[in-house]
Amino acid sequence: MDYHDLHPETQSTRSYNLLIGMAIRTASFGSVQWLLQRMAADNINHNSETHKLVIRWQIRIGAWDAAWQTLTASRVFQSTNDGNDGAGWPDSLWLEFFGSLKRRSIRRKGVVMEEPNGPFVVYAQRFLLLMKNRPDFSLTQAKPRVIHSIAYILLQLQEQEQALQLVQTYFSYLPAQITPKFTEQCLDIIHILVVFGSCSRGLKKFHEHRKILTSLLAYHPSFRPTSTTLFLLLGSLRGAMRSGALASECLASFKRRWGAGIQDHRVRLRVASLALKQGRLDISNDILADARLADEHASSSNGPAIGHVERYSSRRPRFKSIFRGTGKLVAHQIRLEKRVRAKQCRKMYEIQNTKSSS
């Protein structure tokens, strides 16, 4: 920005758009406001890219109503077709309204953050307003993040069937070859349906979520479930009575179909927790023993090989290598092991009391 100020003769709408886009990407929302003020002071006109960035900035800071006013008040995009205000808006501007608020990125005082009193009613009104003023384009050509946002809003509005139909239609038009990043974004769409795709409770909820998962994975050969997929699916068993047995059977089925890599530490601890809830100490002990073996194998494989001479390096190790983020999982495993031991002691005490009384 300082270099840009040193050369006013080269400043243009394109250069300001570049800086505004970089400021939004790095959550420097105060810089965005300053750049827009400089554009107005220098009498530099806005183009469609500038309008899109302004709307994106307003959505990120929580000023949804101001963003809608920016769109509707712009004379450039007003429609002349049958009085429909949304027909003349570019698709890129309409899709920006499915962005999200970056709450942790707002550190400066004076930034307006809208906190609706009734989120359900507010989000329903916003969604109906967006769909009523939808431009003439096919959602099958939209980016996965847009489908993710629309499906999530539908799920929050308790419209599970419409959300599932939307995702199925979108997946049916996918090309034969998709990139790994695109596949990961599609899996994120599947994950929200695995979590919110059913309004039922108990065992019925688990079966419905598993049916949804199986049907969506069949839409493209690149779709493969991950450990996160299984972790979210097992969460549907928390209200079931035979949670431990069903979780163990589901884990075994996924390992046979997708390989042993489908389970990670989170999956093991969730199965152990569900088994402990049911009272299946045999399953809990087996899963926790498996988790301990996996930890020992991981710690031994991370160490230096035999005969390997470590060389001094002035470079700091990667941040992910220092802080692996496993502290919560380790603490959860310790709590589960204590609960299993306590339950075993209570059971042994009950057996001894029964024998002594007889």
Student: Can S198 and R210 be said to form a side chain to side chain donor-acceptor pair (under 3.5 Å), step by step?
Tutor: CA-CA 10 Å; S198 174; R210 190 168 184 177; over 6 Å; no

Student: Any side-chain to backbone donor/acceptor pair from H220 onto S222? Under 3.5 Å, distance only.
Tutor: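 At least one qualifying donor-acceptor pair exists.
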
Student: Would you say the side-chain atoms of S284 pair up with the backbone N or O of A272, donor to acceptor, closer than 3.5 Å?
Tutor: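 Pair found, side chain donor or acceptor close to backbone of A272.
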
Student: Look at atom CZ of F254 and say whether more than 12 heavy atoms of other residues, nucleotides or ligands are closer to it than 6.0 Å.
Tutor: yes

Student: Is any side-chain heavy atom of I55 less than 4.5 Å from a side-chain heavy atom of F97?
Tutor: yes

Student: Ignoring hydrogens and geometry, is there a side-chain-to-backbone donor-acceptor pair from S273 to L269 under 3.5 Å?
Tutor: no

Student: Please give me the minimum heavy-atom distance between L234 and L274, naming the atom from each residue.
Tutor: O-CD1, 3.6 Å

Student: Report yes if the side chains of I44 and S12 come closer than 4.5 Å at any heavy-atom pair, otherwise no.
Tutor: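 No - every pair of side-chain heavy atoms lies 4.5 Å or more apart.
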
Student: Is it true that R38 and D42 make a salt bridge, defined as a side-chain N closer than 4.0 Å to a carboxylate O?
Tutor: yes

Student: How about M22 and R25: do any of their side-chain heavy atoms sit closer than 4.5 Å?
Tutor: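 With C-beta onward as the side chain, the pair touches.
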
Student: How close do V267 and S227 get, counting heavy atoms only, and between which atoms?
Tutor: CG2-O, 3.5 Å

Student: State, to 0.1 Å, how close A67 and I59 come at their nearest heavy-atom pair, and which atoms those are.
Tutor: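 The pair with the smallest heavy-atom distance is CB-CD1, 3.9 Å.
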
Student: Show me the pairs that pass salt bridge (charged side-chain N to carboxylate O under 4.0 Å, His left out) and involve residues 274-286, at least two apart or across chains.
Tutor: R280-D282

Student: Heavy atoms, side chains only, cut-off 4.5 Å: are Q263 and K255 in contact?
Tutor: yes

Student: Any donor-acceptor pair under 3.5 Å linking the side chain of T179 with the backbone of F182?
Tutor: yes

Student: For Y16 and H46, what are the C-alpha separation, side-chain angles and deciding distance, and is it a side-chain contact (heavy atoms from CB on, under 4.5 Å)?
Tutor: CA-CA 10 Å; Y16 271 102; H46 293 189; over 6 Å; no

Student: Checking L251 against I287 for the side-chain contact (heavy atoms from CB on, under 4.5 Å) test, could you report, in this order, the C-alpha distance in whole Å, the side-chain angles of both residues, the deciding distance, and whether it holds?
Tutor: CA-CA 11 Å; L251 175 60; I287 294 296; 4.3 Å; yes

Student: Any non-hydrogen side-chain atom of R238 less than 4.5 Å from a side-chain atom of S243?
Tutor: no

Student: Going only through I, L, V, M, F, W and Y residues with side-chain contacts under 4.5 Å, is there a path from L166 to L129?
Tutor: yes

Student: Is the closest side-chain heavy-atom distance between C199 and Q158 below 4.5 Å?
Tutor: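 The answer is yes; the side chains approach within 4.5 Å.
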
Student: Starting at CD of Q33, measure out to OG of S28 and round the result to the nearest 0.5 Å.
Tutor: 13.0 Å

Student: So, taking the atom named OG1 in T183 and the one named NZ in K181, what distance separates them when rounded to the nearest 0.5 Å?
Tutor: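 Those atoms lie 12.0 Å apart.
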
Student: List the residues meeting salt bridge (charged side-chain N to carboxylate O under 4.0 Å, His left out) with D188, not counting sequence neighbours, and say none if there are none.
Tutor: none

Student: Do other residues, nucleotides or ligands put more than 12 heavy atoms under 6.0 Å from the CD atom of E249?
Tutor: yes

Student: Using the rule given for side-chain contact (heavy atoms from CB on, under 4.5 Å), can you reason through E208 versus K211, listing the C-alpha separation, both sets of side-chain angles and the distance that settles it, and then say yes or no?
Tutor: CA-CA 5 Å; E208 290 180 356; K211 182 179 179 181; 5.6 Å; no

Student: For V194 versus S236, what's the shortest heavy-atom pair and its separation?
Tutor: O-OG, 4.1 Å

Student: When rounded to the nearest 0.5 angstrom, what distance separates CZ in R339 from CG in L288?
Tutor: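 The distance works out to 10.5 Å.
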
Student: Considering residues, nucleotides and ligands other than R201, do more than 12 of their heavy atoms fall under 6.0 Å from its CZ?
Tutor: no

Student: Picking from V146, I147, I150, what satisfies side chain to side chain contact (heavy atoms under 4.5 Å, CB included) with Y170?
Tutor: I147

Student: Heavy-atom count around M241 CE within 6.0 Å, excluding the residue itself: above 12?
Tutor: no

Student: Counting only N and O atoms by type, is there a donor-acceptor contact under 3.5 Å from the side chain of S215 to the main-chain atoms of I212?
Tutor: yes

Student: Any side-chain donor-acceptor pair under 3.5 Å between H191 and T229?
Tutor: yes

Student: Hey, what do you get for CD1 (I283) to CD (Q278), rounding to the nearest 0.5 Å?
Tutor: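 These two atoms lie 6.5 Å from each other.
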
Student: Which heavy atom of L203 sits nearest to which heavy atom of A240, and what is that distance?
Tutor: N-CB, 4.1 Å

Student: Got a second to check how far L230's CG is from C250's SG, nearest 0.5 Å?
Tutor: 5.5 Å

Student: Start with the C-alpha gap between Y219 and V167, add the side-chain angles, then the distance that decides, and say whether side-chain contact (heavy atoms from CB on, under 4.5 Å) holds.
Tutor: CA-CA 10 Å; Y219 272 90; V167 174; over 6 Å; no

Student: For the residue pair W57 and F29, what are the closest heavy atoms and their distance?
Tutor: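 Answer, listing the atom of W57 first, then F29: NE1-O, 3.4 Å.
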
Student: Calculate, to the nearest 0.5 Å, the distance between atoms CD1 and CG belonging to I178 and L174 respectively.
Tutor: 6.0 Å

Student: Do W34 and V32 share a hydrophobic cluster (ILVMFWY, side-chain heavy atoms under 4.5 Å, transitive)?
Tutor: yes

Student: Is it true that, when you exclude Q37 itself, more than 12 heavy atoms of the residues, nucleotides or ligands shown sit nearer than 6.0 Å to its CD?
Tutor: yes

Student: Heavy atoms, side chains only, cut-off 4.5 Å: are L216 and F223 in contact?
Tutor: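 Result no, sub-4.5 Å side-chain heavy-atom pair not found.
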
Student: Is there a donor-acceptor pair under 3.5 Å between the side chain of K343 and the backbone N or O of L276?
Tutor: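 Yes: the side chain of K343 pairs with the backbone of L276.
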
Student: How about S15 and H4: do any of their side-chain heavy atoms sit closer than 4.5 Å?
Tutor: yes

Student: Is it true that T13 and N47 share a donor-acceptor pair across their side chains at a distance under 3.5 Å?
Tutor: no

Student: Taking the side chain from T169 and the backbone from Q165, do they hold a donor-acceptor pair closer than 3.5 Å?
Tutor: yes

Student: Hydrophobic clusters here meaning ILVMFWY residues chained together by side-chain heavy-atom distances under 4.5 Å, can you tell me if I20 and M1 are in one?
Tutor: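 Both belong to a single hydrophobic cluster.
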
Student: Would F206 and H209 count as a close aromatic pair, with their ring centres under 6.0 Å?
Tutor: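 Ring centres of H209 and F206 not closer than 6.0 Å.
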
Student: Which salt bridge (charged side-chain N to carboxylate O under 4.0 Å, His left out) pairs, counting each pair once, include a residue from residues 44-59, with sequence neighbours left out?
Tutor: E49-K52, R56-E96

